[in-house]
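Structure first, commentary second.
One-based numbering along the sequence shown.
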Amino acid sequence: MAAIEIFEDDAFSVPALTAAINEQPFVPGRLAELGLFEEEGVTTLTVQVEKDGETLALVPAGERGTSGLVVNGSKRILLPFNTVHLPERFAIKADEIQGIRAFGQQTELQAVQDVVNKRLAKARRQLDATHEFHRMGALNGYVMDADGRTVLLDIYDRFGLKPIEIEMELATAGTDVRVKCVDALDAQEEALGATTSNGARAFCGKNFWRALIAHQSVKKTYEGTQYAAALRSDGRESFEFGGITWERYRGKVAGIAFVPDDEARLVPEGVPGLCITRFAPADYMDTVNTEGLPYYSQLEMMQFKKGVAGEAQSNPLHLVTRPRSIIRLKR
């Protein structure tokens with residue numbers, strides 16, 4: 001039988017637990033799968049962002065007393081963005097550990113680690129879902145809290161920008177959707193300026209998606225071609241049309257869809273530094289002034305050794321540096 005004192009082993013130190021939660025099997029969201037957001041750790045809780053016209057650029061950290069980024073011209077603005085603290089708590093009671101029976105080749109320590117890893121895996125899944133929600137929020141221009149209503153970061157308002165919206169007119173039978181795609185891509189190209197992309201992908205809400213795949217202009221394009229089989233395949237599968245890869249996006253929190261049901265988000269692909277994620281260090285003594293990691297975890301003994309209290313956390317900032325290049329498509 002394992003005893004509660006087993007948690008005094010170095011296997012449950014902050015570095016060991018942090019390594020364990022970062023190694024947990026990843027539960028992917030679609031944006032994470034595509035790798036749209038470039039991830040990097042920072043040593044501070046605040047990320048300085050420079051706005052030059054409609055372009056946002058990260059400001060590198062420097063040593064105190066040394067020269068920093070040279071900001072030229074009156075149009076450039078330097079603004080701080082705070083990372084978001086996402087803590088989770090869990091508890092492992094002494095009875096849960098006492099009930100473990102070592103068997104076979106598994107040691108008591110390994111058996112207890114299995115219990116801890118299960119809790120870490122659950123915490124990791126919830127943090128992954130939150131990251132996906134914040135990433136899509138950055139594409140929408142509004143990073144929301146878990147209730148789906150509280151705005152943590154309004155990117156457009158912060159930089160005095162307005163989103164570009166294009167009516168696709170999918171409810172009108174005579175609409176040439178391909179021409180509408182050209183309008184959307186032109187608007188995106190103009191927002192990117194001299195920066196080029198290698199493609200565009202649209203994440204569609206459920207009503208927008210249904211209207212798109214049912215529109216005669218789209219269906220006729222595939223009829224009588226080698227791609228006609230796409231009309232008979234699963235209506236939820238992604239497809240290419242008008243120079244855009246279209247896909248249905250699933251995801252809700254508190255009953256609110258990540259992408260509004262009647263809209264789509266057109267995102268340029270292959271643009272370096274367009275979508276960025278920065279991770280700040282945890283609020284532990286062990287991690288002060290260290291480069292941030294995506295996830296952290298640690299345990300501490302409960303009062304009277306009733307069990308151990310655990311915590312997992314992440315401290316991200318998800319941001320789009322050229323927000324007007326994310327085109328809002330209306331049904």
Handout entry: cation_pi(Arg278, Phe81) dist<6.0 Å, angle<=45
Key = no
Problem - For Arg331, all residues meeting salt bridge (Lys or Arg N to Asp or Glu O under 4.0 Å), sequence neighbours excluded - result: Asp262
Problem - Residues forming a side-chain hydrogen bond (donor to acceptor under 3.5 Å, both in side chains) with Glu269, sequence neighbours excluded - result: Arg201
Exercise for the section: Report, as yes or no, whether the 6.0 Å neighbourhood of atom CG on Asn198 holds more than 12 heavy atoms from other residues, nucleotides or ligands. Expected result: yes
Handout entry: Qualifying residues under side chain to side chain contact (heavy atoms under 4.5 Å, CB included), relative to Arg119, sequence neighbours excluded
Key = Phe90, Ile92, Glu96
Handout entry: Residues that Thr245 engages under side-chain hydrogen bond (donor to acceptor under 3.5 Å, both in side chains), provided they are two or more places apart
Key = none
Practice task
Provide the full list of salt bridge (Lys or Arg N to Asp or Glu O under 4.0 Å) pairs with a residue in residues 285-304, sequence neighbours left out, each pair given once.
Solution key: none
Problem - Any residue meeting side chain to side chain contact (heavy atoms under 4.5 Å, CB included) with Thr196, in chain and number order, not counting sequence neighbours - result: none
Fill in the blank from the handout: By ring pair (Phe, Tyr, Trp, His ring centres under 6.0 Å), His131 pairs with (sequence neighbours left out) Phe279, Tyr295, His318
Practice task
Show your reasoning for whether salt bridge (charged side-chain N to carboxylate O under 4.0 Å, His left out) applies to Asp145 and Arg149.
Solution key: CA-CA 7 Å; Asp145 204 356; Arg149 294 176 176 83; over 6 Å; no
Fill in the blank from the handout: side chain to side chain contact (heavy atoms under 4.5 Å, CB included) filter on Leu185, not counting sequence neighbours, yields Gln188, Ala200, Ile244, Leu266
Handout entry: Counterpart residues, salt bridge (Lys or Arg N to Asp or Glu O under 4.0 Å), relative to Glu88 (two or more places apart)
Key = none
Problem - Those residues that, when tested against Asp154, pass salt bridge (Lys or Arg N to Asp or Glu O under 4.0 Å) (two or more places apart) - result: none
Problem - Where at least one partner belongs to residues 168-177, residue pairs that pass side chain to side chain donor-acceptor pair (under 3.5 Å), sequence neighbours excluded - result: Glu169-Lys180
Fill in the blank from the handout: Minimal heavy-atom distance between Tyr156 and Gly141, with the atoms involved, is CE1-CA, 3.6 Å
Problem - Residues which pass salt bridge (Lys or Arg N to Asp or Glu O under 4.0 Å) with Glu189, listed by chain and number, not counting sequence neighbours - result: none
